[in-house]
Amino acid sequence: MTSSPDRAPMDWEQRFRDETTPWERPGLHPAFEAWQAEGAFDPVDTVIVPGCGRAPELKAFAALGKAAIGADLSATALAWQKRQLEADGLTGELIEADILLWRPDTPMDAVYEQTFLCAIPPKLRDEYEQAVHAWLKPGGQLFALFMQKAEMGGPPYGCSIPAMRELFPAERWDWPDGDPAPYPHPSLNGKPELAVILTRR
Ligand SMILES: C[S@@+](CC[C@H](N)C(=O)[O-])C[C@H]1O[C@@H](n2cnc3c(N)ncnc32)[C@H](O)[C@@H]1O
């Protein structure tokens with residue numbers, strides 16, 4: 001699906017066709033594995049992975065028995081996700097859309113955010129926060145990996161914790177105590193992603 005350049009300045013579809021996807025990790029995100037190991041996903045029945053690209057976490061959620069939705073602008077990425085699910089006899093819903101404009105019929109338990117917020121133009125961030133808030137039921141959780149980057153420009157665009165606290169204000173989101181765990185990216189010059197679980201109020 002094509003989106004206007006002001007909403008998606010990068011040609012994501014072409015990146016997947018060209019296999020120029022440096023944001024991809026070689027396997028499951030270690031934060032996903034840690035959250036799974038500690039039972040953080042146990043209460044989750046329904047989850048959406050916005051801007052899922054070829055992230056293997058979508059299939060992993062389906063394999064855990066979750067009703068998982070993957071959403072992306074790229075038909076090529078979604079076709080890859082479909083093949084991955086079918087290869088293991090799993091099901092999931094795949095939505096080809098500008099997902100910030102989408103709303104579910106029924107609010108969901110969880111959103112899994114991995115290199116999507118940092119990929120959209122910063123001027124769409126308020127729209128992102130409103131969308132994620134609308135997707136989630138009260139008490140629903142945003143499993144977020146906030147990309148840390150000091151340099152200007154993007155994508156990826158940096159998601160510093162002060163900026164995220166402003167974007168996800170305490171009146172609308174409960175923040176956990178303590179410092180978030182950093183996960184350096186194996187490419188992208190080792191930029192760390194900070195793992196934070198926010199709870200929708
Ligand atoms: C940097 S990639 C990350 C892909 C995936 N999350 C991962 O971890 O490998 C950003 C993804 O967001 C998708 N995307 C960008 N803007 C979007 C939008 N408005 N709606 C849906 N998907 C979008 C792109 O097509 C691309 O797959």
Side-chain angles (χ1 to χ4, degrees), residues 1-36 47-62 68-85 92-104 108 110-132 134-135 142-149 151 153-159 167 183-196:
M1 183 199 168
T2 52
S3 195
S4 59
D6 59 324
R7 296 187 66 83
M10 179 168 286
D11 187 343
W12 297 103
E13 171 64 14
Q14 197 59 48
R15 297 295 290 262
F16 286 109
R17 288 187 189 183
D18 295 345
E19 301 263 347
T20 313
T21 55
W23 56 82
E24 292 181 351
R25 288 176 178 260
L28 287 175
H29 198 295
F32 179 99
E33 295 180 308
W35 281 328
Q36 182 186 341
V47 59
I48 180 168
V49 185
C52 61
R54 301 190 299 191
E57 290 74 14
L58 179 67
K59 185 174 87 171
F61 276 123
I69 299 175
D72 208 280
L73 292 171
S74 166
T76 296
L78 291 176
W80 183 94
Q81 293 285 8
K82 185 167 186 280
R83 289 195 298 277
Q84 295 297 306
L85 290 165
E93 186 179 352
L94 299 172
I95 300 175
E96 184 182 333
D98 182 337
I99 201 60
L100 299 178
L101 305 174
W102 174 87
R103 295 293 182 269
M108 307 187 65
V111 176
Y112 182 77
E113 158 57 52
Q114 177 178 298
T115 55
F116 175 53
L117 177 57
C118 70
I120 62 173
K123 68 182 176 201
L124 296 181
R125 285 187 173 182
D126 286 341
E127 204 176 311
Y128 175 100
E129 189 273 339
Q130 286 158 24
V132 175
W135 299 341
L142 169 61
F143 293 87
L145 294 156
F146 291 134
M147 178 69 70
Q148 302 303 293
K149 180 191 173 194
E151 315 94 272
Y157 299 97
C159 301
L167 185 62
Y183 291 90
H185 200 286
S187 46
L188 304 180
N189 296 324
K191 292 179 185 35
E193 292 169 283
L194 298 181
V196 183

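When a ligand or atom number is given, it counts from 1 through the structure's own listing order. Every value quoted in this text rests on a predicted model; they were computed, and no experiment measured them.
Under 4.0 Å is where a charged nitrogen must lie from a carboxylate oxygen, and between R17 and E13 at least one such pair does.
Using cut-offs of 30° and 60° on the angle between ring planes, the pair F116 and Y128 is tilted.
Among protein heavy atoms, the minimum distance from atom 19 (N) of ligand 1 is reached at D98 OD1, 2.9 Å. In this structure, atom 14 (N) of ligand 1 lies nearest to the protein heavy atom F116 CE1, 3.6 Å. Shortest contact from atom 20 (N) of ligand 1 to any protein heavy atom: I99 N, 3.1 Å. Of all protein heavy atoms, the one lying nearest to atom 25 (O) of ligand 1 is D72 OD1, 2.5 Å. Atom 22 (N) of ligand 1 has as its closest protein heavy atom L73 N, 3.4 Å. For atom 9 (O) of ligand 1, the closest non-hydrogen atom on the protein side is W23 CD1, 3.3 Å. Taking atom 7 (C) of ligand 1 as the reference point, the nearest protein heavy-atom neighbour is T115 OG1, 3.4 Å. Of the protein's non-hydrogen atoms, the one nearest atom 15 (C) of ligand 1 is W12 NE1, 3.5 Å.
Proximity of K123 to D6: side-chain heavy atoms (C-beta onward) are separated by under 4.5 Å at one or more points. At a threshold of 4.5 Å between non-hydrogen side-chain atoms, the residues V49 and E57 do not count as touching. For the pair P156/T115, no side-chain contact is recorded, criterion being any heavy-atom separation below 4.5 Å from C-beta on. Counting heavy atoms from C-beta on, the side chains of I69 and M108 come closer than 4.5 Å.
Residue pairs meeting the salt bridge (charged side-chain N to carboxylate O under 4.0 Å, His left out) criterion with at least one member in residues 93-103, sequence neighbours excluded, are R7-D98. For residues 184-195, the salt bridge (charged side-chain N to carboxylate O under 4.0 Å, His left out) pairs, not counting sequence neighbours, are R25-E193, E151-K191.
Taking the six-membered ring for Trp, F16 and W23 have ring centres closer than 6.0 Å.
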Self-check item: Test side-chain hydrogen bond (donor to acceptor under 3.5 Å, both in side chains) applied to S74 and D72, step by step
Solution: CA-CA 5 Å; S74 166; D72 208 280; 4.6 Å; no

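Remark: ligand 1 atoms within the under-4.0 Å shell around heavy atoms of G51 are 3 (C), 4 (C), 5 (C), 6 (N), 11 (C), 12 (O), 13 (C), 22 (N).
By the 4.0 Å heavy-atom criterion, C52 is counted among the residues contacting ligand 1. Contact between R7 and ligand 1 is absent, with no heavy atom of the residue lying under 4.0 Å from the ligand.
Of the N or O atoms in R54, none lie within a sub-3.5 Å distance of an N or O in ligand 1.
For A119, every heavy-atom contact with ligand 1 shorter than 4.0 Å involves the side chain, none the backbone. Counting heavy atoms under 4.0 Å from ligand 1, residue P156 does not touch it at all. Under 4.0 angstrom from ligand 1, the non-hydrogen atoms of A97 all belong to its backbone.
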